[in-house]
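First comes the structure, then the notes that go with it.
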Amino acid sequence: MCSKPILHYVNGRGRMESIRWLFAAAGVEFEEQFIENRKQLLKLISDGDLLFEQVPMVEIDGMKLVQTTAILRYVAEKYNLYGKNLKEKLQIDMYVLGARDLMDLLISHPFLPPEQKEKNLETINTRATTRYLPVYEKALKTHGGDYLVGDCLSWADVQVLEMILAVEEKFSSILSRFPKLQEFKTKISSVPTIKKFLQPGSQKKPPSDDAYVKLVREVFAF
Ligand code: IBG
């Protein structure tokens, strides 16, 4: 099928941003249908388009995919970003899911009550520097080469770069004690498809602002 995938979500990062990153890294063009109000979400639900009445939803290959991790895995496998064998897939899964655990803290941050925000930021900083970044730093050191798994770009590299850039938006010098990750960031950011996605005007979404928080609260009723 040669039509472009269609991504259904609000016009902001949330749970769709990693999917945008992965398509972009794979060099696959995609269209976006933004949900602009609750009525549009309810219409997708009443049309039976959302298996669990939730987005992200991606139309691809004649299917309507839901569940972020399932979508990401499908895209990774389809576009050869999911390793060469079972062991590499497992390694990629572990690296990706670790990075996504940290991303979940960042994604939820704008919706926390003001009194919980500072503590959440501290948690993000501590988890990043003591739990997650050391793992990727060590992996790059022991594995050698430019990539986290195997000898070519994988979903793990894409997800870890997305996570690094998102954490750096909060803590700009977070990589100062991680030299291998500094090199990794430079190298993966210069992969042509990723470089293009990082340039202004791409489908990469900006950090959340008040308008985005308001929209999300209205659309998803929280
Ligand atoms: N397990 C699902 C997945 O990973 O895709 C969860 C999807 C999900 O929570 N979707 C939300 C939704 O559709 C939108 S992302 N909610 C409607 C409903 O009725 O459940 C909302 C979200 C944001 C930021 I934005 C942090 C956490 C959730």
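Values in this document were obtained by computation on a predicted structure and should not be read as measured data.
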Please report the C-alpha distance between M163 and V167 in whole Å, then the side-chain angles of each, then the deciding distance to 0.1 Å, and finally whether the side chain to side chain contact (heavy atoms under 4.5 Å, CB included) criterion is met. CA-CA 6 Å; M163 179 272 282; V167 185; 3.9 Å; yes
Rounded to the nearest 0.5 Å, how far apart are [atom1] of [X] and [atom2] of [Y]?
X	Y	atom1	atom2	answer
S18	R100	OG	CZ	4.0 Å
Q199	K204	CD	NZ	12.5 Å
L175	T129	CG	OG1	11.0 Å
L97	I92	CG	CD1	11.5 Å
T142	K180	OG1	NZ	10.0 Å
T68	Q54	OG1	CD	8.5 Å

[X] atom [atom1]: more than 12 heavy-atom contacts under 6.0 Å:
X	atom1	answer
K84	NZ	yes
K185	NZ	no
R177	CZ	no
E115	CD	yes

Flag for E162-Q159: side-chain donor and acceptor within less than 3.5 Å: yes
Less than 4.0 angstrom from a charged side-chain N to a carboxylate O is my criterion; do [X] and [Y] meet it?
X	Y	answer
K78	D61	yes
K43	D47	yes
K89	E77	yes
K187	D157	no
E17	K205	no

For the hydrophobic clusters of this structure (ILVMFWY residues joined by side-chain heavy atoms under 4.5 Å, transitively), does one cluster hold both [X] and [Y]?
X	Y	answer
L165	L102	yes
I6	I35	no
W21	F34	no
L42	L44	yes
L41	F111	yes

Which heavy-atom pair separates [X] from [Y] by the least distance, and what is that distance?
X	Y	value
I19	V58	CG2-CG2, 4.1 Å
R15	P56	O-CG, 3.6 Å
I71	L65	CD1-O, 3.6 Å
V213	P110	CG2-CB, 3.7 Å
F52	Q67	CD1-NE2, 3.5 Å
V66	L50	CG1-CA, 4.4 Å

pair [X]-[Y]: side-chain heavy atoms closer than 4.5 Å:
X	Y	value
K170	I124	no
V158	F197	no
V10	F220	yes
I194	L198	yes
F222	V216	yes
K214	D210	no
R13	I107	no
R73	T69	yes

[X] side chain to [Y] backbone, donor-acceptor under 3.5 Å:
X	Y	answer
N85	K87	yes
E168	I174	no
E53	I45	no
Q203	F30	yes
E137	L181	yes

Which residue is it: E31, E32, E29? I am looking for the one with a salt bridge (Lys or Arg N to Asp or Glu O under 4.0 Å) to R20. E32
ring-ring contact (aromatic ring centres under 6.0 Å, His included): which pairs involve residues 65-99, sequence neighbours left out? Y82-W155, Y95-Y136
Determine whether Q91 and M94 satisfy the following criterion, side chain to side chain contact (heavy atoms under 4.5 Å, CB included), listing intermediate values before the conclusion. CA-CA 5 Å; Q91 196 71 58; M94 292 195 296; 4.0 Å; yes
Does Q116 have any side chain to side chain contact (heavy atoms under 4.5 Å, CB included) partners at least two apart in sequence or in another chain, and if so, which? L112, P113
